[in-house]
Amino acid sequence: MQKGKKHSGNGIKWKTKFHTNPMASGTKLSRDFFIRDVLDVAPDLIGKNLVIKFPDGTVGRYIVTEVEAYRGSEDKACHAFKGRTSRTEIMFHEGGRLYIYFIYGMYWMLNIVTGKENDPQAVLIRGVENIDGPGKLTRSLGIDRSYYGEDLVTSERIWIENDGFTPIVKNGQRIGIEYAGEPWKSKPWRYYI
DNA sequence: TCAGTGATTAGG
DNA sequence: CTAATCACTGAG
């Protein structure tokens with residue numbers, strides 16, 4: 001989708017300039033979307049709207065622009081690779097739940113669990129429109145530990161919507177996982193607009 | 001380039 | 001209990 005071009009999503013025409021139409025409400029993604037393999041879900045999340053209902057009642061919609069896939073069963077870079085711990089517990093549930101963890105003493109990371117039960121996978125949300133960076137994203141949206149385990153399918157305060165926007169998705173290596181070594185650190189499992 | 005900052009984890 | 005690690009960010 002080019003900057004400034006118009007497209008019709010849910011019947012409402014609006015300009016796409018990497019910002020969402022606050023009046024437009026797309027289709028909420030259901031369980032089926034999330035229980036697929038993480039390598040299918042991750043690129044499909046690009047261009048979808050992350051919707052958050054803030055404590056004051058206002059609702060924000062943010063186009064997802066950058067994500068990374070973590071595939072526990074075969075991926076040394078995935079936190080669940082070594083097995084189930086209290087932190088990674090939620091990744092063993094079926095897709096649609098949130099995996100939140102704290103890192104570097106300052107930042108909460110927002111991940112969406114994917115796949116079937118007992119197949120630990122998750123998608124790290126690295127960026128949304130105008131908020132580039134996983135730590136900055138959670139900081140500015142107020143996402144913290146209280147969102148751990150939240151279900152995107154049933155939650156009243158956070159979910160994902162499809163408004164028909166289908167961007168061209170690029171991909172490349174994931175960031176910050178040198179420690180995982182080859183072949184994992186070179187897997188092209190980072191997806192972005 | 002490099003320090004800050006604290007939950008989580010593995011290991012004794 | 002202890003120490004190492006870390007899906008990052010911002011300043012210099």
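Chain letters run A, B, ... following the sequence lines, proteins first, then strands; residues in each count from 1. Computed over heavy atoms, backbone and side chain alike; hydrogens, waters and symmetry mates excluded.
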Point to revise | Residues which pass salt bridge (Lys or Arg N to Asp or Glu O under 4.0 Å) with A:R139, listed by chain and number, not counting sequence neighbours | key: none
Point to revise | Residues, nucleotides or ligands: over 12 heavy atoms within 6.0 Å of A:K28 NZ | key: yes
Review point. Contact class for A:Y104 (heavy atom, under 4.0 Å): base, sugar-phosphate, or nothing?
Key: base
**Study point:** CD1-CG distance between A:I63 and A:N49, expressed to the nearest 0.5 angstrom
**Key:** 5.5 Å
Check your understanding: Separation of A:L110 atom CG from C:dC8 atom P, in whole Å?
Key -> 13 Å
Practice item. Let me know the distance between CZ of A:F81 and C1' of C:dC6, rounded to the nearest Å. Key: 17 Å
Exercise for review: Give the rounded distance in Å between these two atoms: CD of A:E178 and P of C:dT5.
Suggested key: 16 Å
Study note, to complete from the structure: In whole angstroms, the gap separating C1' of C:dA7 from NZ of A:K136 amounts to 16 Å
Practice item. To the nearest Å, give me how far apart CZ (A:F102) and P (C:dC6) are. Key: 17 Å
Practice item. Would you classify A:R126 as touching base, sugar-phosphate or nothing, given that sugar-phosphate means primed atoms plus P, OP1 and OP2, and contacts are heavy atoms under 4.0 Å? Key: sugar-phosphate
Check your understanding: Could A:E156 and A:K53 be called an ion pair, given the rule that one side-chain N must be under 4.0 Å from one carboxylate O?
Key -> no
Practice item. Mind checking A:M109 for me? I need base, sugar-phosphate or nothing, with any heavy atom below 4.0 Å counting as a touch. Key: sugar-phosphate
Practice item. Can you tell me which stems DNA chain C forms, taking runs of 3 or more consecutive Watson-Crick or G-U pairs with both distances under 3.5 Å? Key: B:1-4 with C:8-11, B:6-11 with C:1-6
**Study point:** Aromatic ring pairing A:W108/A:F102, orientation class (parallel under 30°, perpendicular over 60°, tilted between)
**Key:** tilted
Practice item. Provide the closest heavy-atom pair for A:E94 versus A:I35 in the form atom of the first, atom of the second, distance. Key: OE1-CG2, 4.2 Å
**Study point:** Whole-Å gap separating P (C:dC8) and CZ (A:R174)
**Key:** 12 Å
Practice item. Determine the sole option in A:T114, A:D37, A:D119 for which the side chain to side chain donor-acceptor pair (under 3.5 Å) test with A:R71 is passed. Key: A:D37
Point to revise | Leading and trailing nucleotides of DNA chain B with any atom under 4.0 Å from heavy atoms of chain A | key: B:dG4 to B:dT9
Exercise for review: Tell me whether B:dA7 sits syn or anti, counting syn as a glycosidic angle within 90° of 0.
Suggested key: anti
**Study point:** Test: A:R36 cationic atom under 6.0 Å from A:F33 six-membered ring centre, within 45° of axis
**Key:** yes
Practice item. Round to the nearest Å and state the distance from A:E66 atom CD to C:dA7 atom C1'. Key: 11 Å
Practice item. Answer yes or no as to whether C:dA7 has its base stacked against A:Y101, where stacking requires a ring-centre separation under 5.5 angstrom and planes under 30 degrees apart. Key: no
Review point. Looking for any heavy atom pair under 4.0 Å, which part of the strands does A:K82 touch: base, sugar-phosphate only, or nothing?
Key: nothing
Point to revise | C:dG10 OP1/OP2 closer than 4.0 Å to side-chain N/O of A:R139 | key: yes
Practice item. Mind calculating the distance between OH (A:Y70) and P (C:dC6) to the nearest angstrom? Key: 12 Å
Check your understanding: Less than 4.5 Å apart, any side-chain heavy atom of A:R97 and any of A:D151?
Key -> yes
**Study point:** Side-chain donor-acceptor pair present, A:T58, A:D56, cut-off under 3.5 Å
**Key:** yes
